[in-house]
Visitor: 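I am attaching a structure below and will ask some questions about it afterwards.
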Amino acid sequence: MRLSAAPLIEASAIHRRVHELAVTIAADYADRDLLLLIVLKGGMFFGADLARALGGTAHVDCVRARSYDGTDSTGEVRFGILPEISLRDRHVLVLEDILDTGRTATALLQRLHAEAPASLEICTLLDKPTRRVVPIEARYVGFEIEDHFVVGYGLDYAEQYRNLPYIGLIEA
Ligand code: IMP
Ligand code: MG
């Protein structure tokens, strides 16, 4: 397994898209207080950049959910950290790195719904719709991609490559 030489998505394209998403989200939530929930660890850079691009003020908290081991979805979702802020009656926007099979996001939403938020939506940087096992859609999607294993800008392969400023491909 190695990193391909050419980026799949350049840092400049990510930057532009994050700012476009921020404009859309800021307009959609103009009259509502927003609670951003960054899904660690993959969503850390996307979440940090999007939160700052939004302007204004928002509550920010983190959750930790994982279902991956190497490049294989284990199907089992575990929660490490849960939000410390109460979600009750709040407008919650979950910031994810990627929707793949959809299992992680589905389990996470189920867990968060139990706290009775006023609204609950997903914003994902990347979406691999052809890989979906559980039907779930994000309200906001940065980029739709094909069925590749990707790394960078928060996404890892065995904890490596998260700090790449672009999205790269892992090749066999
Ligand atoms: P799902 O539960 O299959 O949708 O997987 C979602 C999680 O798997 C993401 O939050 C990532 O942490 C991880 N994941 C899925 N696809 C990739 C990938 O291409 N590269 C790195 N991590 C991935
Ligand atoms: Mg993740």
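Because the structure is predicted, anything quoted here is derived from the model rather than measured. We count ligands from 1, going down the list as the structure has it; atoms in each ligand are counted the same way.
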Visitor: Should the heavy atoms of other residues, nucleotides or ligands under 6.0 Å from CD of E20 be counted, would the total exceed 12?
Guide: yes
Visitor: Does ligand 1 have any atom that is closer than 4.0 Å to a heavy atom of R131?
Guide: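 For ligand 1, residue contact (heavy atoms, under 4.0 Å) with R131 is absent.
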Visitor: Would you name the heavy atoms of G154 and F45 that are closest together and state the gap between them?
Guide: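 Minimum heavy-atom contact is N-CD1, 3.3 Å.
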Visitor: Is there a nitrogen or oxygen of G102 sitting under 3.5 Å from a nitrogen or oxygen of ligand 1?
Guide: yes
Visitor: Under 4.0 Å, heavy-atom basis, I'd like to know which part of T104 is in contact with ligand 1: side chain, backbone, both or neither.
Guide: both
Visitor: Going by the order shown, which atoms of ligand 1 are within less than 4.0 Å of some heavy atom of E96?
Guide: 10 (O)
Visitor: Has V151 got any heavy atom lying under 4.0 angstrom from an atom of ligand 1?
Guide: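 False for this residue.
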Visitor: Distance under 4.0 Å to a non-hydrogen atom of D100: what atoms of ligand 1 satisfy this?
Guide: 1 (P), 3 (O), 4 (O), 5 (O), 15 (C), 16 (N)
Visitor: Are side-chain N/O atoms of Y140 and D28 paired as donor and acceptor at under 3.5 Å?
Guide: yes
Visitor: Just let me know how L155 lines up against ligand 1, side chain, backbone, both or neither, with a heavy-atom cut-off below 4.0 Å.
Guide: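 For L155, the contact with ligand 1 is made by the side chain alone.
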Visitor: Applying side-chain hydrogen bond (donor to acceptor under 3.5 Å, both in side chains) as the test, list every pair that has at least one member in residues 162-172; sequence neighbours left out.
Guide: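 Only D156-R162, E159-R162 qualify under side-chain hydrogen bond (donor to acceptor under 3.5 Å, both in side chains).
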Visitor: Suppose I only count heavy atoms of T101 and a 4.0 Å limit; which atoms of ligand 1 are within that range?
Guide: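 Selected atoms, number and element: 1 (P), 2 (O), 3 (O), 4 (O).
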Visitor: Need the ligand 1 atom indices (1-based, order shown) with element for anything under 4.0 Å from a heavy-atom of D156.
Guide: 21 (C)
Visitor: For ligand 1, which atoms have a heavy atom of K128 less than 4.0 angstrom away?
Guide: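 Contacts of ligand 1 toward K128, numbered from 1: 16 (N), 17 (C), 18 (C), 19 (O).
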Visitor: Give a yes or no on whether I81 and F46 share a hydrophobic cluster (residues Ile, Leu, Val, Met, Phe, Trp, Tyr; joining criterion: side-chain heavy atoms under 4.5 Å apart).
Guide: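 Yes; tracing contacts between hydrophobic side chains, which count when under 4.5 Å, links both residues.
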Visitor: Can V134 be said to touch ligand 1, with heavy atoms closer than 4.0 Å?
Guide: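 The answer is no: ligand 1 sits nowhere under 4.0 Å from a heavy atom of V134.
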Visitor: Heavy atom under 4.0 Å from ligand 1: found in L126's side chain, backbone, both, or neither?
Guide: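 Looking at L126 and ligand 1, no heavy atom falls under 4.0 Å.
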Visitor: Would you say the side-chain atoms of R132 pair up with the backbone N or O of D100, donor to acceptor, closer than 3.5 Å?
Guide: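 Yes, the answer is positive, given that a donor and an acceptor are paired below the 3.5 Å cut-off.
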Visitor: Under the salt bridge (charged side-chain N to carboxylate O under 4.0 Å, His left out) rule, what do R17 and D49 come out as? Steps first, then yes or no, please.
Guide: CA-CA 11 Å; R17 188 70 186 120; D49 285 347; over 6 Å; no
Visitor: Give a yes or no on whether H19 atom NE2 has more than 12 heavy-atom contacts from other residues, nucleotides or ligands under 6.0 Å away.
Guide: yes
Visitor: Are any of the N/O atoms in F149 less than 3.5 Å from those in ligand 1?
Guide: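 By distance alone, the answer is no.
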Visitor: Hey, which atoms in ligand 1 end up nearer than 4.0 Å to a heavy atom of H148?
Guide: 19 (O)
Visitor: With under 30° as parallel and over 60° as perpendicular, where do the rings of Y161 and Y157 fit, or are they tilted in between?
Guide: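 Answer is parallel, since the angle falls under 30°.
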